[in-house]
J.: 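The structure that follows is given in the form of structure tokens.
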Number of protein chains: 2
Amino acid sequence: MSNAKVLPLLDPEVQGVVPCCPPLTERPMNAEEAERAARMFKALGDPVRLRLFSAVASHEGGEACVCDISDVGVSQPTVSHHLKKLKEAGLLTSERRGTWVYYRVEPSVLAAMGQLLTPPAAA
Amino acid sequence: MSNAKVLPLLDPEVQGVVPCCPPLTERPMNAEEAERAARMFKALGDPVRLRLFSAVASHEGGEACVCDISDVGVSQPTVSHHLKKLKEAGLLTSERRGTWVYYRVEPSVLAAMGQLLTPPAAA
DNA sequence: CGTCTATGTTGACATACATCGAACCAGTAC
DNA sequence: GTACTGGTTCGATGTATGTCAACATAGACG
């Protein structure tokens with residue numbers, strides 16, 4: 001209880017987009033696992049999205065207003081489109097506060113993907 | 001000398017496809033970094049490729065013959081196509097030995113991507 | 001040599017995706 | 001109320017991508 005951070009795998013609170021975790025190198029993924037994990041990788045598989053995600057993830061407080069991160073070389077509708085994609089992939093969450101919309105990183109996601117890529121016991 | 005495994009970040013031996021590494025959460029990525037990293041994420045952003053990669057990564061000895069991993073529900077040309085993509089992304093290397101072709105995971109890649117996804121100092 | 005098996009390549013096709021401008025919605029300030 | 005600013009949604013468009021069937025190549029074996 002207290003907080004669930006002891007198990008940084010994946011919280012079920014995430015709308016149902018996320019779960020994934022068997023380390024990539026442990027055993028071959030089945031179709032279902034791959035489908036799920038690929039959704040997240042694909043979301044980060046675009047340079048613009050990766051920059052947006054990094055901008056949010058590295059922003060102080062773990063959240064950022066769209067106005068703070070929309071300087072990635074594409075039009076504002078495109079930024080919005082990519083943020084939506086990241087949200088749909090379960091990597092970001094958004095919240096409107098007054099005039100501005102703030103995005104924050106779903107913390108469990110980083111741990112989950114990191115674990116997925118865990119190298120085979122350091123060889 | 002001996003072996004370069006002490007620094008699992010990224011070896012320059014990799015043809016030039018790979019480098020990347022500033023943890024995603026450390027500071028906003030610039031266009032160049034994002035372009036590079038996105039190439040790898042995109043390569044894993046397809047369920048079939050993810051399964052192929054996982055199959056190779058989890059195979060004994062860190063390498064696998066195509067014949068061992070081509071059971072992912074798509075035609076053989078498609079498997080070959082995806083393996084090529086993974087190779088172009090710098091995630092896999094291939095070697096022909098007699099009749100069969102063996103693929104193996106570029107070890108530095110797992111460490112690099114894992115580091116890229118390092119959560120912000122455990123909060 | 002010819003044949004058979006294991007992979008890779010080519011060409012075609014349908015779907016998905018990134019991008020933009022324009023229109024639209026949410027709040028704030030006047 | 002109207003006007004303005006921040007953000008999202010819509011529609012269109014060009015490009016990338018996943019897939020397969022058909023063909024090509026590489027080595028093994030006779």
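What's counted below: heavy atoms across the whole structure, side chains too, no hydrogens, waters or symmetry copies. Model, not experiment: these values are computed from the prediction.
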J.: Return the minimal non-hydrogen interatomic distance between His82(B) and Leu52(B), and the atom names on each side.
T.: CB-CD1, 3.7 Å
J.: Leu92(B) CG to dG8(C) C1': how many Å, rounded?
T.: 16 Å
J.: Give, ordered by number, those residues of residues 51-70 of chain B having at least one heavy-atom distance below 4.0 Å to an atom of DNA chain C; if nothing qualifies, reply none.
T.: Cys65(B), Val66(B), Cys67(B)
J.: Measure from NZ on Lys87(B) to P on dT9(C) and round the result to the nearest Å.
T.: 7 Å
J.: When you measure from the side chain of Arg49(B) to the backbone of Ala43(B), do you find a donor-acceptor pair of N or O atoms at a distance under 3.5 Å?
T.: yes
J.: Scan nucleotides 14-22 of chain D nucleotide by nucleotide, 5' to 3', and note B when protein non-hydrogen atoms come under 4.0 Å of the base, S if they reach only the sugar-phosphate, - if neither.
T.: ---SSBBBB
J.: Could you state the CG-P distance from Asp71(B) to dT7(C), rounded to the nearest angstrom?
T.: 13 Å
J.: Can you measure from CZ (Arg36(B)) to CD (Glu33(B)) and round to the nearest 0.5 angstrom?
T.: 7.0 Å
J.: When the C1' atoms of the five terminal pairs at each end define the local axes, what inter-axis angle does the helix from dC1(C)-dG30(D) to dC30(C)-dG1(D) show, to 10 degrees?
T.: 10°
J.: Is there a side-chain contact between Thr25(A) and Thr118(A), using heavy atoms and a 4.5 Å cut-off?
T.: no
J.: Is it the case that over 12 heavy atoms from other parts of the model lie below 6.0 angstrom from the CG atom of Asn30(A)?
T.: yes
J.: Looking at Tyr103(B), I'd like to know whether one of its side-chain N or O atoms comes within less than 4.0 Å of OP1 or OP2 on dG8(C).
T.: yes
J.: Look up atom CG in Leu86(A) and atom OG in Ser94(A), then write down how far apart they are to the nearest 0.5 Å.
T.: 11.0 Å
J.: Any ion pair linking Arg97(A) and Glu63(A) (charged N to carboxylate O, less than 4.0 Å)?
T.: yes
J.: Rounded to whole Å, please give me the gap between CG in Leu86(B) and P in dT7(C).
T.: 16 Å
J.: Within the supplied structure, the quantity of interest is the number of heavy atoms (other residues, nucleotides, ligands) at a distance under 6.0 Å from Glu60(A) CD; does it exceed 12?
T.: no
J.: Please state how far atom CZ in Arg97(B) lies from atom P in dG8(C), giving the value in whole angstrom units.
T.: 14 Å
J.: Is the closest side-chain heavy-atom distance between Leu24(A) and Leu50(B) below 4.5 Å?
T.: yes
J.: Between P on dG27(D) and OH on Tyr102(B), what's the gap in Å once rounded to a whole number?
T.: 14 Å
J.: Rounded to the nearest 0.5 Å, what's the gap from CZ on Arg96(B) to SG on Cys65(B)? Could you check?
T.: 10.0 Å
J.: Write down the distance between CZ (Arg96(B)) and C1' (dT7(C)), rounded to a whole number of angstrom.
T.: 6 Å
J.: Do Tyr103(B) and His59(B) touch side chain to side chain, with heavy atoms closer than 4.5 Å?
T.: no
